[in-house]
Amino acid sequence: MTGDGAAARCGGPMENYYNPKNVESKWQQVWQDEQSFCASMDSEKEKYYLLEMFPYPSGRIHMGHVRNYAIGDVVARFKRMQGFNVLHPMGWDAFGMPAENAAIEHKIHPAKWTYENIDSMRKQLKRIGLSYDWQREFATCDVDYYRWEQLVFLKMFEKGLAYKKGSSVNWCEDCQTVLANEQVEDGCCWRCHNLVQPKELEQWFFKITNYADELLEWTDKLSGWPERVLSMQRNWIGKSYGCEIEFPVADTTEKVKVFTTRPDTLFGATFMSLAPEHPLVKSLVTAEQEEEVNKFIAAVERQDKADRTSGNLEKIGIFTGSYCINPLNNEKIPVFLANFVLMGYGTGAVMAVPAHDQRDFEFAKKYQLPIRVVIQPEGEDLVADQLAEAFTDPGLLTNSGQFDGVDNESAKEQIAAFLDERGEGRKTVNYRLRDWGVSRQRYWGTPIPIIYCDSCGAVPVPEEELPVILPTDVELTGEGGSPLARHKDFLQVACPKCGKPAKRESDTFDTFVESSWYFARYTCPDYTDGPLDKQAANHWLPVDQYIGGIEHAVMHLLYARFYTKILRDLGMLDVDEPFTNLLTQGMVCKETQRCPEHGWLYPEQVEDGKCTICGQLVELGRTEKMSKSKKNVVDPNQLIDQYGADTARLFSLFAAPPEKDLEWNEQGVEGCFRFLNRVWRAVSDNLELIKNTAIPNTVSGDAAELRRKTHQTIKKVTEDVDGRFHFNTAIAAIMELVNAIYSFKSRQENPGVLREALEAVVSLLNPFVPHICEELWQLLGHQQSVESSGWPSWDESALVAAEITLVVQVNGKVRGKINVAVAADSQSIETEALSEPNVQRFIAGKQLRKVIVVPGRLINIVVG
RNA sequence: GCGAGAGUGGCGGAAUUGGUAGACGCGCUGGUCUUAGGAACCAGUAUCCUAUGAUGUGGGGGUUCGAGUCCCCCCUCUCGCACCA
């Protein structure tokens with residue numbers, strides 16, 4: 001312990017009143033000077049890697065950040081007090097669209113904008129007193145970070161895990177640029193409002209489908225993850241067992257391959273639906289249908305891609321003029337194109353069974369196609385003409401030739417086997433999961449290290465020529481596509497294979513690539529020989545506790561799991577999964593306010609329900625996630641200025657449990673500030689009294705009660721914080737203990753009991769409000785910091801009371817209470833309960849049927 | 001549309017395994033102290049109400065001695081849906 005921090009420690013105590021400003025700047029300085037939270041691998045202690053999802057450097061910290069990082073900090077400090085060697089790093093998810101938009105809007109370079117934002121956000125985070133190891137900080141736009149991502153890409157390319165294929169993007173012809181889904185509003189460009197068209201581009205993909213099974217299997221082993229996240233991931237991967245069936249096209253040698261999970265309904269197929277993008281469409285369309293079909297395809301192309309995958313739209317279709325043959329019954333069925341059939345799933349062709357599939361049913365009704373029942377529920381007789389909706393439940397086969405009478409689950413097997421034997425189909429496994437498209441036609445991202453040569457094709461940049469540095473001399477206008485695609489010095493390069501003039505790839509990576517491995521790089525941020533120092537990565541990984549928003553339940557968390565397996569298979573680390581435990585936190589919301597003239601208003605632009613600009617009455621909007629665009633934000637800086645960081649932290653933790661959305665309410669903040677003042681006074685008012693006292697072993701009366709409360713609180717807070725993350729109830733329990741301290745009568749006679757209670761309060765509160773706790777701990781006369789003094793433990797023998805109160809119910813309704821000795825047997829409890837006067841009133845003259853005694857809780861007397 | 005969650009006083013929330021519904025905090029009401037307080041402290045506060053009573057956890061049904069908790073149906077809200085991060 002050297003440096004100015006130690007000097008600050010020796011400085012005079014500030015016990016007279018609670019002044020958060022002084023207390024907080026004092027301890028933040030100490031932590032910085034002593035590098036209190038820097039983690040090292042040499043420690044004897046067991047490692048604990050705690051991580052919150054890193055922020056995008058938008059420029060300002062908002063309450064959602066405060067909440068996320070306060071939650072993480074509680075765990076970090078709690079684990080440190082429990083004696084773990086805690087790694088708790090922070091960094092910046094720094095590539096992405098907002099920097100480009102800022103560049104277009106304010107004529108500032110994305111790099112300048114990003115790094116300035118990082119500087120100001122770092123300052124704000126430090127004001128909150130978060131216990132980060134700032135030595136490990138990095139931004140994903142640092143060359144020393146993304147260069148290793150380029151290396152991993154080359155290895156993936158080598159192994160065939162990165163490949164190129166055609167894929168469609170949102171294209172605005174006016175701006176000559178690719179739009180993100182977010183930039184498409186009602187099918188139009190958000191800047192020029194022109195119609196957005198699909199455009200086919202060659203793009204890079206990661207072969208996440210190779211890992212579909214492993215990703216799925218591990219969802220059963222991640223016991224530290226919320227079940228709802230696992231369930232969403234399982235459904236996203238969407239593994240289904242089914243059958244591929246080939247339908248010959250009538251009068252040709254072509255075959256249409258379909259995938260179905262319901263081969264049992266094959267006899268009920270009355271038509272075929274193809275995706276409009278299906279490769280066979282051209283050869284299937286007959287001359288007389290051609291014009292109509294082309295119109296239809298153009299109409300579907302205009303539909304929002306997101307809408308089409310979401311199925312929110314009206315189902316439409318068109319007859320191609322051709323027919324297919326059902327291989328089981330040789331029936332001729334018409335082939336349609338349908339907008340809800342997607343090329344990306346299965347084979348892009350669906351055998352339509354209207355009687356047993358709701359989408360097909362609606363389609364058949366609309367286009368007057370035949371409906372045939374092939375599954376009958378037991379004891380019913382479905383008639384096709386009378387169906388109001390598709391029947392999708394189990395039943396027995398009918399109208400199905402030799403399979404009639406077989407139950408449909410066995411029929412799935414039998415029909416698949418039958419087709420397989422005849423070479424007309426086979427059992428298959430299908431996934432909903434698609435390969436991960438990582439190409440972005442954007443500037444502010446990691447350049448993809450590929451060179452295109454007319455003779456050699458796509459040639460990887462040789463490892464020794466990495467990194468491919470993102471050039472900074474660009475101008476962003478929002479039009480004409482990515483600036484990289486127009487940057488001659490960047491583009492023009494010799495082919496690494498043949499030396500002829502060639503062209504660099506101008507696309508950059510999806511920013512999800514950076515966030516798929518940052519947690520691994522934190523273990524060795526300065527390593528220069530590769531992406532990861534294997535020893536460090538293996539020491540710290542997996543992350544023991546990962547904390548972040550529920551909105552990342554599928555994509556980020558699935559990509560990070562996939563990328564970890566890639567790094568493992570490239571021999572760069574030895575873990576299978578990146579995150580052992582996951583906590584998904586809810587959002588911070590606040591009501592919105594809107595002026596009829598000036599639109600959304602910030603809270604400070606409203607006075608007495610009126611707009612401060614024009615004086616008009618303000619409309620109260622819905623309570624929504626805090627966002628800049630809705631202006632329903634609370635600036636944490638103002639809150640910290642007014643009450644201090646400890647109050648801001650305490651409130652964000654006390655107002656709701658972490659997984660729940662938190663609705664912002666200013667008044668609750670006051671209450672938290674009052675509580676900290678109460679704690680401060682409880683310590684400072686009793687300092688004289690508790691000086692030089694020891695904790696007694698045996699006490700009686702209200703001293704015994706306070707002692708019991710102290711130990712019960714230690715137990716409750718420990719259990720609530722450890723793994724359960726019920727911070728709000730942990731804080732409530734500490735509040736109860738503080739209330740008990742205030743009403744403690746015999747303090748003069750029992751100063752030791754009082755001291756024990758006060759020290760417990762300070763220790764237990766430390767993870768939540770560390771500044772005030774360090775100060776109070778020092779006031780209590782300790783030389784060591786409270787964080788290094790260990791987590792308090794409870795004494796089992798101090799927990800038990802001699803007597804307990806039991807509730808007596810009659811027919812399930814509370815009718816009285818009795819006090820009994822803890823050791824009382826159920827026979828004597830029963831006797832006592834039956835003789836309770838009010839209970840007597842309710843059982844008098846009635847037949848006693850049953851008495852249920854729940855030990856330690858209640859007695860229920862059943863009469864009738 | 002598909003997938004996943006949530007719904008409890010005036011408000012935020014508590015009730016860990018089916019066992020006293022409303023802990024803790026806010027707000028409100030009354031009081032004490034004070035020149036004064038938007039400070040501090042004390043008391044009260046689900047609803048109806050004469051209560052030792054009745055009702056009450058989004059709505060409707062069910063299982064149970066007992067349901068906020070388990071089962072079925074419905075309503076509302078939130079998140080994700082592959083180029084926002």
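Please read all numbers here as calculations on a predicted model, not as lab measurements. Sequence lines set the chain letters: A, B, ... in the order given, protein chains first and strands last, and positions in each chain run from 1.
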| query | Under a cut-off of 3.5 Å for both distances of each Watson-Crick or G-U pair, what dot-bracket string does RNA chain B give, using [ ] for crossing pairs and | for inter-strand pairs? | reply | (((((((..(((......[....)))((((((.......))))))(((....)))..(((((..]....))))))))))))....

| message | By the 4.0 Å heavy-atom rule, please label Ser439(A) as base, sugar-phosphate, or nothing. | response | base

| G53(B) glycosidic torsion: syn (within 90° of 0) vs anti | anti

| Mind checking the P distance from A43(B) to A23(B)? Whole angstroms is fine. | 15 Å

| note | Comparing Arg432(A) with Thr511(A), nearest RNA chain B nucleotide closer to 5' gives the residue Arg432(A)

| message | Considering every strand and a 4.0 Å limit on heavy-atom distances, what is the contact class for Ile731(A): base, sugar-phosphate, or nothing? | response | nothing

| Do NZ/NE/NH1/NH2 and the carboxylate oxygens of Asp720(A) and Arg724(A) come within less than 4.0 Å? | yes

| request: Please work out which of the three classes, parallel, tilted or perpendicular, describes the rings of Tyr18(A) and Phe673(A), given edges at 30° and 60°. | output: tilted

| field | Atom of Tyr145(A), atom of Ala139(A) and distance for their closest heavy-atom approach | value | CB-O, 3.9 Å

| Expressed in angstrom and rounded to an integer, what is the separation of Leu230(A) atom CG from C79(B) atom C1'? | 16 Å

| message | Output the rounded distance in Å from CE (Met555(A)) to P (C81(B)). | response | 6 Å

| Are Gln712(A) and Trp794(A) linked by a side-chain donor-acceptor pair shorter than 3.5 Å? | no

N/O-N/O pairs, protein side and nucleotides 40-42 of chain B side, under 3.5 Å:
unit_1	atom_1	unit_2	atom_2	d
C41(B)	OP1	Arg678(A)	NH1	2.4

| query | Taking atom P in both A15(B) and C84(B), what distance in whole Å separates the two? | reply | 38 Å

| P atoms of G10(B) and G56(B), separation to the nearest Å | 15 Å

| field | Glu736(A) side chain, from C-beta outward: closest of U20(B), C83(B), C24(B) | value | C24(B)

| task | Nearest whole angstrom, please: distance from the P of G25(B) to the CG of Leu676(A). | result | 13 Å

| query | Any side-chain N or O of Asn739(A) under 4.0 Å from OP1/OP2 of C24(B)? | reply | no

Collect all protein-nucleotide pairs involving nucleotides 35-38 of chain B in which both atoms are nitrogen or oxygen and the distance is under 3.5 Å.
none

| said: Between U69(B) and G59(B), how far apart are the two P atoms, rounded to whole Å? | reply: 11 Å

| said: Taking any heavy-atom pair under 4.0 Å as a contact, classify Gly437(A): base, sugar-phosphate, or nothing. | reply: sugar-phosphate

| field | Qualifying salt bridge (Lys or Arg N to Asp or Glu O under 4.0 Å) pairs, either residue in residues 436-445 of chain A, two or more places apart | value | Arg440(A)-Asp510(A)

| query | In residues 839-851 of chain A, which ones come under 4.0 Å of RNA chain B, going by heavy atoms? | reply | Arg841(A), Phe842(A), Lys850(A)

| note | Going 5' to 3' through nucleotides 8-18 of chain B and flagging B where a protein heavy-atom sits under 4.0 Å of the base, S where only the sugar-phosphate is that close, and - otherwise, we get ---SBSSSB--

| request: Compare every heavy atom of Ala553(A) with every heavy atom of Met232(A), then report the nearest pair and how far apart it is. | output: CE-CB, 3.8 Å

| Between Tyr69(A) and His65(A), what is the ring plane arrangement, given parallel below 30°, perpendicular above 60°, and tilted in between? | parallel

| query | According to the interplanar angle, ranging from 0 to 90°, do the rings of Phe727(A) and Phe768(A) count as parallel (below 30°), tilted (30 to 60°) or perpendicular (above 60°)? | reply | perpendicular

| task | In whole angstrom, give the distance that lies between atom CG of Leu858(A) and atom P of A67(B). | result | 12 Å

| query | Base, sugar-phosphate alone, or nothing: which one does Arg234(A) contact when heavy atoms must sit under 4.0 Å apart? | reply | nothing

| message | When you measure only distances, ignoring hydrogens and angles, does the side chain of Gln203(A) come within 3.5 Å of the base of C83(B) through a donor and an acceptor? | response | yes

| said: Need one value for Phe512(A): base, sugar-phosphate or nothing, where a base atom within 4.0 Å counts as base even if backbone is also close, heavy atoms only. | reply: base

| query | Looking at Phe206(A) versus Tyr163(A), is the centre-to-centre ring distance below 6.0 Å? | reply | no

| task | Please confirm whether Lys165(A) makes a cation-pi placement over Phe205(A), using NZ or CZ under 6.0 Å from the six-membered ring centre and within 45° of the ring normal. | result | yes

| task | Could you tell me whether Gln809(A) contacts a base, only the sugar-phosphate backbone, or nothing, with contacts defined as non-hydrogen atoms closer than 4.0 Å? | result | base

| Separation of the P atoms in A14(B) and G9(B), to the nearest angstrom | 13 Å

| Hey, does Val854(A) reach any base, or is it just sugar-phosphate, or nothing, if we go heavy atoms under 4.0 Å? | base

| query | Is Lys817(A) touching bases, backbone alone, or none of the nucleic acid, heavy atoms closer than 4.0 Å? | reply | base

| field | G53(B) OP1/OP2 closer than 4.0 Å to side-chain N/O of Arg815(A) | value | yes

| task | Could you go through the side-chain hydrogen bond (donor to acceptor under 3.5 Å, both in side chains) check for Ser167(A) and Glu200(A) one step at a time? | result | CA-CA 5 Å; Ser167(A) 150; Glu200(A) 191 80 0; over 6 Å; no

| said: Could you tell me how far C33(B) sits from U50(B) if I compare only their P atoms? Round to whole Å. | reply: 34 Å

| query | Using a cut-off of 4.0 Å on non-hydrogen atoms, how would the nucleic acid contact of Val229(A) be classed: base, sugar-phosphate, or nothing? | reply | nothing

| task | Please work out if Met232(A) contacts a base, only the sugar-phosphate, or nothing of the nucleic acid, heavy-atom cut-off 4.0 Å. | result | base

| task | Under the side-chain contact (heavy atoms from CB on, under 4.5 Å) rule, what do Val820(A) and Leu806(A) come out as? Steps first, then yes or no, please. | result | CA-CA 7 Å; Val820(A) 297; Leu806(A) 295 181; 3.8 Å; yes

| message | Using a heavy-atom cut-off of 4.0 Å across all strands, would you classify Val807(A) as base, sugar-phosphate, or nothing? | response | base

| What about Asn860(A), does its side chain sit under 3.5 Å from the base of C65(B) through a donor-acceptor pair? | yes

| query | For Glu659(A) and A6(B), what is the distance between atoms CD and P respectively, to the nearest whole Å? | reply | 10 Å

| task | Could you measure between the two C1' atoms, the one in C72(B) and the one in C77(B), and give it in whole Å? | result | 22 Å

| Does the side-chain contact (heavy atoms from CB on, under 4.5 Å) test come out yes or no for Leu583(A) and Ile71(A), once each step is laid out? | CA-CA 10 Å; Leu583(A) 172 65; Ile71(A) 290 167; 3.8 Å; yes

| field | Atom pair distance, as rounded to whole Å: NZ in Lys813(A) and C1' in G19(B) | value | 16 Å

| query | Do any side-chain nitrogens or oxygens of Arg434(A) fall under 4.0 Å of OP1 or OP2 in A82(B)? | reply | no

| query | Looking at Trp436(A) versus Tyr559(A), is the centre-to-centre ring distance below 6.0 Å? | reply | yes

| message | Does Asn235(A) reach a base, just sugar-phosphate, or nothing at all? Heavy atoms under 4.0 Å. | response | sugar-phosphate

| said: Once you apply a heavy-atom cut-off of 4.0 Å, does Trp236(A) come out as touching a base, just sugar-phosphate, or nothing? | reply: base

| request: Using a strict 4.0 Å threshold on nitrogen-to-oxygen distance, state whether Glu227(A) and Arg234(A) make a salt bridge. | output: yes

| Checking all strands, does Arg228(A) fall into the base, sugar-phosphate, or nothing category for heavy-atom contacts under 4.0 angstrom? | sugar-phosphate

| Name the one of Leu484(A), Ile448(A), Val178(A) that satisfies side-chain contact (heavy atoms from CB on, under 4.5 Å) with Asp507(A)? | Ile448(A)

| task | Provide the distance between the two P atoms, one in U52(B) and one in U57(B), to the nearest whole Å. | result | 23 Å

